[in-house]
Amino acid sequence: MYLSKKNILLIFIFIAFVSVNGQNNLPNRNVNQKEEKFIEDLLSKMTLAEKIGQLSQYVGRELLTGPESQTLTDSLIESGLIGSILNIAGTKQLREIQRKNIEKSRLKIPILFGFDVIHGYKTITPVPLAESCSWDLELIEKSAKMASIEASAAGIHWSFAPMVDVARDPRWGRVVEGAGEDTYLGSKIAEARVKGFQWNLWQPNSVLACAKHFAAYGAPQAGRDYAPVDISMSTLAEVYLPPFKACVDANVQTFMTAFNSLNGVPATASSFLFREILQDKWKFGGFTVSDWNAVKELIAHGVAEDDKSAAIIAFNAGVDMNMTDGLYNKYLEQAVKEKQIDTKMIDESVKRILQIKYRLGLFENPFRFFDEKREKKEIKKPEFIETARDIAKKSIVLLKNENKTLPISKKVKKIALIGPLANNKSELLGSWKARGEEEDVVSLYEGIKNKLGNKAEINYAQGCDFLSTNEDGFAQAIKLASENDIVIVAVGEKALMSGESRSRASLSLPGVQEKLVQELIATGKPVVVVLMNGRPLAIPKIDEKASVILETWFLGIQSGNAIADVLFGDYNPSAKLTMSFPRSEGQIPNYYNYKRSGRPGDMEKTSTTRHIDLPNANLYPFGYGLSYTEFAYSPMICPDYFDANGKLKVEVSVTNTGTYDGEEIVQLYVSDNVASMVRPVKELKGFKKVFIPKGETVKITFDVDSKELGFWDNQMNYIVEKGSFTIMIGKNSEDVQQKIVKLM
Ligand code: NOJ
């Protein structure tokens, strides 16, 4: 049976990791002769210790984003044994450090300054997960560009972003830093972010980007940060690697290792990842850096017996630069002398780092990025703040809006504003706030006030705290609710309940917040639930009782204004979820593109893949989000057959049948009906975000490339098989129309 099927199918085997877009894999760096000569001359003057110094990165004391590590001292700076420093920002401080290095060190090699600029430097934009819900690649690129301009104005050369880890488990705290659970969308967003950060690469108003964390960090067991990852090679190639490949194709200059082990080998010790895939297959021309202390942690992983062997293993695996633990500086010289490390490899790694410094113009002018005037002018510019508001409002997902409660009329007279996040500023910055400041944040209270001025009374009560079980504030909140025309209740997580090392076992609203919401609903007043959180939550009871739910994540400094824009109808929400919301933690992992089963799930039938106590379907599926208007889809038009060398043209017309202008994100999914390996029930393969004025129709066309319909086998070959495919188009991953077509 299998053999005869194989006879019918034509199998295309693409060389592993050649881009399916047909781009070639030439090294993305053309070395010019002047540069080559300069670097060779410099290398010839460097002692082995100085070379290894270039491979060592230390952290400034003021911002520790990890556990205790090697101390950065003036004598270290002056010794010329530092290649890079992280987590210090500001032209004044950085100039001073660079000055010490240049004046005192023997060869005056400039230091490279890195910083975690994840969603803005000072102008903090929505957390990356929120921003991904806009599905707006141009805007996402613009947001990264803005961060790049601000960070570089503060003297920073290098941002440790984007994080491109696909994340299918909402318990994992770092889902907040990525683009959600889908590989296709994640790859597009990865590309946009790299382009944004490196918008003017090598110029002093742009930073280097860093693709992190290589690889599969987003798949830790039980969603616990740093836990091992065990996945098939096909899943690695198909789900977790493509966003990294998209970064290489977008010319990203650096890569960071992941903390986890992958199929038994810590990523930081994986020559398979760093030498075979990244260097040999993908021809990545930039340099790699370990994550914080990740080299030393090879001992805790149990693959290195001591600090010295940890350093040797990581370096030999292809980790050029060592972040924070100082082990390269301590042990690599000795290891070279003992021939445990090849000097040529040291030279190669050093060259990669020197090339980047050269291209940044730092040898010509080590102070090139330190322009105090620019720093004053470029940071928090009014147009940046406007853009932050635009991105924020486009990141808000409307989950429920019964009885068209939203938008609220601006003629409303009395609003009860309740909840621990209703008048809060600091939490709204989210995880990784760089130099973002609480005082720059517009709270929800202020946002509503800005919108309505004195025309409405806004009556605030906190109701309860985030975590505490104290209900003393309930009575006042309930009284307020019953005395006002409408209730807006802002509940959710604290900013630091998501992010690094912030995994949660429970995804419910913390403390007594859910109870508060239920009691407010019981007053019979219209209640708008505004959620603020860094991951999908499990809120089935709120969904059951509340008629309006708005997911606003953590939207950064313009939070309040952006939420008010949506609440009062100045912006019609358009965002759609990039991570599914489960009904309960028991459904996790709950991503939409799971693989088929021999006993497909059927809630009515036993002996099918299901839980006996919970529907299989998510509460809110991937791609889901409502608008104030309605969109009607025509039947899709597409041929019954298409050619293996061609593209399938799929057309659908979308009409705005409601009473507001609005944007719709039209999604195209594909399922391979018969293949030589088990395939997902569906996979996103295209999307278009379109503005459609009320009453109008827009024709949307997708050209599905047959090359995009393949899959990766466990030998990491990319295969496209002919045969039957189901093409689906719709509003979200569940609400689709479909047609079967044949790839000939
Ligand atoms: C550890 C995190 O995993 C990484 O994302 C970050 O860039 C470094 N620390 C530096 O802060």
Side-chain angles (χ1 to χ4, degrees), residues 38-60 69-86 97-98 100-102 104-114 157-158 254-257 268-269 271 274-275 279 286-299 304 306-358 362-363 366:
F38 177 89
I39 289 170
E40 287 301 338
D41 283 354
L42 181 56
L43 264 179
S44 69
K45 290 181 203 137
M46 291 170 84
T47 63
L48 182 56
E50 282 165 338
K51 288 178 184 174
I52 293 165
Q54 286 305 303
L55 310 181
S56 300
Q57 184 186 54
Y58 292 84
V59 61
S69 50
Q70 206 59 32
T71 311
L72 174 69
T73 56
D74 274 4
S75 63
L76 201 52
I77 295 169
E78 291 165 5
S79 67
L81 298 180
I82 290 191
S84 172
I85 291 177
L86 79 147
I97 295 172
Q98 195 73 293
K100 283 183 193 150
N101 165 48
I102 297 294
K104 298 279 171 61
S105 66
R106 192 177 77 90
L107 291 171
K108 309 186 184 317
I109 301 175
I111 293 173
L112 190 71
F113 295 107
H157 304 126
W158 177 20
T254 69
F255 258 64
M256 189 186 288
T257 73
T268 307
S271 55
F274 286 92
R275 298 235 183 253
Q279 274 180 11
F287 76 82
T288 61
V289 62
S290 75
D291 203 341
W292 184 291
N293 283 5
V295 174
K296 192 176 179 66
E297 288 166 14
L298 295 179
I299 303 171
D306 54 22
D307 284 353
K308 183 178 167 195
S309 53
I312 295 169
I313 291 171
F315 180 78
N316 282 334
V319 180
D320 296 317
M321 188 181 273
N322 168 219
M323 187 191 281
T324 65
D325 59 34
L327 297 191
Y328 280 11
N329 260 349
K330 261 198 195 146
Y331 297 107
L332 289 197
E333 197 176 354
Q334 201 186 338
V336 170
K337 286 181 185 145
E338 291 164 5
K339 304 218 176 322
Q340 300 204 60
I341 284 179
D342 186 350
T343 337
K344 266 204 242 131
M345 304 257 266
I346 298 271
D347 283 358
E348 281 305 310
S349 290
V350 176
K351 255 192 204 172
R352 284 194 275 272
I353 291 160
L354 295 180
Q355 274 174 350
I356 283 195
K357 293 184 176 181
Y358 182 94
L362 299 182
F363 285 107

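Both backbone and side-chain heavy atoms feed into the values below; hydrogens, waters and symmetry mates do not.
The shortest side-chain heavy-atom distance between Leu354 and Met46 falls under the 4.5 Å cut-off. You'll find the side chain of Gln70 stays beyond 4.5 Å of the side chain of Thr324, heavy atoms only. Two residues are said to be in side-chain contact when any heavy atoms from C-beta on lie closer than 4.5 Å; Phe315 and Ile346 meet this criterion. Between Thr268 and Glu297 the shortest side-chain heavy-atom distance does not fall below 4.5 Å. Considering only heavy atoms from C-beta on, Glu40 comes within 4.5 Å of Lys351 through its side chain. Contact annotation: the side chain of Gln98 approaches that of Phe113 to within less than 4.5 Å [non-hydrogen atoms, C-beta and beyond]. Contact of the Tyr331 side chain with the Val295 side chain is not registered, since no non-hydrogen atoms from C-beta on lie closer than 4.5 Å. Considering only heavy atoms from C-beta on, Arg352 comes within 4.5 Å of Gln279 through its side chain.
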- From CA spacing to verdict: side chain to side chain contact (heavy atoms under 4.5 Å, CB included), Val319, Tyr328: CA-CA 10 Å; Val319 180; Tyr328 280 11; 3.5 Å; yes
- Mind running side chain to side chain contact (heavy atoms under 4.5 Å, CB included) on His157 and Ile356 for me, showing each step along the way? CA-CA 10 Å; His157 304 126; Ile356 283 195; over 6 Å; no
- Task: I would like to know whether Phe274 and Thr257 meet side chain to side chain contact (heavy atoms under 4.5 Å, CB included); could you show each step before the answer?
- Result: CA-CA 9 Å; Phe274 286 92; Thr257 73; 3.4 Å; yes
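Of the possible polar contacts, one joining the Ser290 side chain to the Met323 backbone as a donor-acceptor pair under 3.5 Å is found. A donor-acceptor pair under 3.5 Å is absent between the side-chain atoms of Thr288 and the main chain of Phe255, judged by distance alone. Between the side chain of Glu78 and the backbone N or O of Lys104, no donor-acceptor pair lies under 3.5 Å.
Between the CG atom of Leu76 and the OG1 atom of Thr71 there is a distance of 9.5 Å, given to the nearest 0.5 Å. A distance of 8.0 Å separates CD1 in Ile85 from CG in Asn101, rounded to the nearest 0.5 Å. With rounding to the nearest 0.5 angstrom, the CD atom of Gln54 is 10.0 Å from the CZ atom of Phe287. Between the CD1 atom in Ile111 and the NZ atom in Lys100 there is a gap of 10.0 Å [rounded to 0.5 Å]. Put simply, CD on Glu338 and NZ on Lys308 are 3.0 Å apart, with the number rounded to the nearest 0.5 Å. To the nearest 0.5 Å, the span separating OG1 on Thr343 from CG on Leu332 amounts to 11.5 Å.
Heavy-atom minimum distance, Ile313 versus Ala269: CG2-CB, 3.5 Å. The shortest non-hydrogen separation linking Ile109 to Ile102 is C-CD1, 4.4 Å. Closest approach of Leu298 to Ala310, counting heavy atoms only: CD1-O, 3.6 Å.
Tested against Asn322, the residues Ile52, Asn329, Leu327 include a single side chain to side chain contact (heavy atoms under 4.5 Å, CB included) partner, Leu327. Here the rule is side chain to side chain contact (heavy atoms under 4.5 Å, CB included) with Ser84, and of Val59, Leu55, Ile353, Leu112 only Leu112 fits it.
Residue Lys108 places its NZ atom among more than 12 non-hydrogen atoms of other residues, nucleotides or ligands, all under 6.0 Å distant.
Side-chain polar atoms of Asp306 and Ser309 form a donor-acceptor pair below 3.5 angstrom.
Ring geometry, Tyr358 versus Phe363: the interplanar angle falls from 30° to 60°, so the pair is classed tilted.
At a threshold of 4.0 Å, the pair Glu348-Lys344 does not count as salt-bridged, since none of the basic side-chain nitrogens sits closer than that to a carboxylate oxygen.
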